Amino acid sequence: MSAELPNDTAYHRPVMLAECLEALDLRPDGRYVDVTFGGGGHSARMLERLTTGHLYSFDQDADAEAEAAQLARPQFTFIRANFRDLHDELAWHGALPVDGLLADLGVSSHQFDTPERGFSTRFDGPLDMRMDPAGPRTAADIVNDYPAADLHRIFGMYGEVTNARTLANTLATARRGQNIQTIGELKKAMQSCMPRGKENKYLAQVFQALRIEVNDEMAALQQMLEQTAQVLRPGGRLVVMSYHSLEDRLVKNFMAKGKFFGEAEKDLFGHTHQPFDVLTRKPVEASANEVALNSRARSAKLRIAIKN
Ligand SMILES: C[S@@+](CC[C@H](N)C(=O)[O-])C[C@H]1O[C@@H](n2cnc3c(N)ncnc32)[C@H](O)[C@@H]1O
């Protein structure tokens, strides 16, 4: 079967592929979920290991759905949905409980490298940034319609932009003259806020903040993680790869305590309730070799837990 399955596709080069497969500890007859199909790099290798088992792969992007058609086989089901609906979608497909779940968060190289999608600072194009092209709001909607106070919060919280308030006020002034619809117009409007010599890093932070807000990424991640405790069978593996510290903190806390903030729940007798056993006290990171071949792997942090 392997000859026809893509590994390293033009769509996206999978990160820490071997590490993710090992973490999932796949059984040939098991039932698995990949909640972030992308170009199917991980899904394809998971499928290779299944005989009577089944793989359910989610993605909210129509382009990923088209890519998934290449993997059509009886052991595979593609689900075009947001992973925040994990439980209901799996229940609807009669796929509960599952033996393992993989999440490879963020955007794919395909999304990033397609100028019309508006994710990359490298191109001019529409200020869009929706992973689901039918999503309710674009980056332009946020830049033009959000009150300056909300822009300040988003740039500070999701982008860790140091002069977030100044940037928010600068954009609020600029948009009074004319709506900001393209990446070029946004860059021009924020020119005065960019630290000299660090323009690229600054732009990347601003774009990350907008992308997280456009796709409601933090809420979707929390909702999906909370449902993993319901959808995984005891002994099932939770394998999550994240690319920035806000996501990684949520994943780390959830695996350790079953919640995102505060201490783990205790029962009447003071016993701590731990829905998962954590296998990675420290996150697994990509090898220097892999980072040299794929710069996207540099920030990846892989965490693994077993459902109790
Ligand atoms: C980093 S890529 C996955 C790449 C994939 N592992 C591979 O190797 O080809 C992340 C994918 O997850 C999708 N995605 C991100 N958040 C999602 C969500 N909340 N629901 C569904 N899909 C999501 C994106 O559309 C993107 O295609």
Side-chain angles (χ1 to χ4, degrees), residues 5-21 23-24 32-48 55-71 76-90 100-114 117-120 128-136 158 208 211-228 231 239-244 246-248 250-251 286 290 293-302:
L5 294 174
N7 180 5
D8 205 354
T9 64
Y11 196 103
H12 185 89
R13 183 186 284 239
V15 173
M16 283 196 264
L17 183 54
E19 292 85 344
C20 289
L21 291 173
L24 284 163
Y32 296 92
V33 193
D34 175 357
V35 295
T36 49
F37 180 83
H42 291 93
S43 280
R45 293 295 156 225
M46 291 166 77
L47 262 177
E48 268 184 351
L55 174 66
Y56 297 84
S57 294
F58 286 65
D59 205 298
Q60 57 182 328
D61 189 344
D63 290 353
E65 183 172 31
E67 202 69 10
Q70 293 179 41
L71 293 192
F76 179 59
T77 303
F78 181 83
I79 301 175
R80 168 91 186 279
N82 193 304
F83 60 50
R84 71 191 336 155
D85 297 324
L86 178 69
H87 178 273
D88 288 356
E89 288 289 342
L90 290 179
L101 180 147
L102 172 70
D104 175 16
L105 301 171
V107 283
S108 66
S109 302
H110 168 81
Q111 289 167 328
F112 202 61
D113 294 339
T114 307
R117 303 294 298 267
F119 286 104
S120 172
D128 191 320
M129 303 196 196
R130 287 172 300 176
M131 292 186 203
D132 172 1
Y158 297 154
Q208 172 177 295
R211 194 201 85 204
I212 290 175
E213 178 68 14
V214 166
N215 297 290
D216 199 17
E217 290 179 36
M218 303 312 288
L221 174 59
Q222 291 185 37
Q223 288 167 18
M224 184 271 286
L225 286 173
E226 273 168 346
Q227 293 166 51
T228 60
V231 307
V239 178
V240 185
M241 202 151 45
S242 58
Y243 296 85
H244 58 79
L246 292 171
E247 282 174 347
D248 184 54
L250 289 181
V251 175
E290 179 171 358
L293 291 169
N294 181 7
S295 59
R296 190 186 147 73
R298 186 184 309 280
S299 51
K301 295 211 175 348
L302 171 65

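All ligand and atom numbering here is 1-based and tracks the order in the structure. Being a predicted model, the structure only gives us computed values, none of them experimental.
Atoms of ligand 1 found under 4.0 Å from any heavy atom of Leu105 (numbered from 1 in listed order, with element): 1 (C). Proximity to Gly41 (heavy-atom distance under 4.0 Å) selects the following atoms of ligand 1: 7 (C), 8 (O), 9 (O). Near Pro14, meaning under 4.0 Å from one of its heavy atoms, ligand 1 places the atoms 8 (O). Less than 4.0 angstrom separates some heavy atom of Gly106 from each of these atoms of ligand 1: 10 (C), 11 (C), 12 (O), 15 (C), 24 (C), 26 (C). Every atom of ligand 1 is numbered from 1 in the order shown, and the set under 4.0 Å from a heavy atom of Ala81 is 20 (N), 21 (C). Using a 4.0 Å cut-off to heavy atoms of His42, the atoms of ligand 1 that qualify are 5 (C), 6 (N), 7 (C), 8 (O).
Within the 6.0 Å centre-distance limit, the rings of Phe78 and Phe37 are counted as a close aromatic pair.
Relative to atom 25 (O) of ligand 1, the option among Asp59, Leu221, Val35, Ile79 with the closest non-hydrogen atom is Asp59. Here atom 22 (N) of ligand 1 lies nearest to Gln60 when heavy atoms of Arg296, Gln60, Arg84, Arg13 are compared.
Under the salt bridge (Lys or Arg N to Asp or Glu O under 4.0 Å) criterion, Arg211 pairs with Glu217, sequence neighbours left out. Under the side chain to side chain donor-acceptor pair (under 3.5 Å) criterion, Asp104 pairs with Tyr243, not counting sequence neighbours.
Where the criterion is an N or O separation shorter than 3.5 Å, residue side chain and backbone included, Met131 fails it with respect to ligand 1. Ligand 1 has a nitrogen or oxygen under 3.5 angstrom from a nitrogen or oxygen of Asp104. By the 3.5 Å distance cut-off applied to N or O atoms, Val15 is not counted among the residues near ligand 1. Note: no N/O pair closer than 3.5 Å links Ala64 and ligand 1 by distance alone.
Residue contacts with ligand 1, taken as heavy atom pairs separated by less than 4.0 Å, do not involve His110 at all. Contacts between Phe37 and ligand 1, counted as non-hydrogen atom pairs separated by less than 4.0 Å, involve the backbone only.
Using a non-hydrogen distance threshold of 4.0 Å, Met224 does not register as a contact of ligand 1. Heavy-atom distances between Tyr243 and ligand 1 stay at or above 4.0 Å for every pair.
Counting only heavy atoms from C-beta outward, the side chains of Lys301 and Met241 never approach each other to under 4.5 Å. Between Asp63 and Gln111 the shortest side-chain heavy-atom distance does not fall below 4.5 Å. Put simply, the side chain of Leu71 reaches to within 4.5 Å of the side chain of Leu47, judged on heavy atoms.
At a threshold of 4.0 Å, the pair Asp128-Arg130 counts as salt-bridged, since one of the basic side-chain nitrogens sits closer than that to a carboxylate oxygen. Here Arg80 does not pair with Asp61 in a salt bridge; the nearest charged N to carboxylate O distance is not below 4.0 Å.
A distance of 8.0 Å separates CG in Leu90 from CG in Leu101, rounded to the nearest 0.5 Å. Here the CD-CZ distance, from Glu290 to Arg296, works out to 11.0 Å after rounding to the nearest 0.5 Å.
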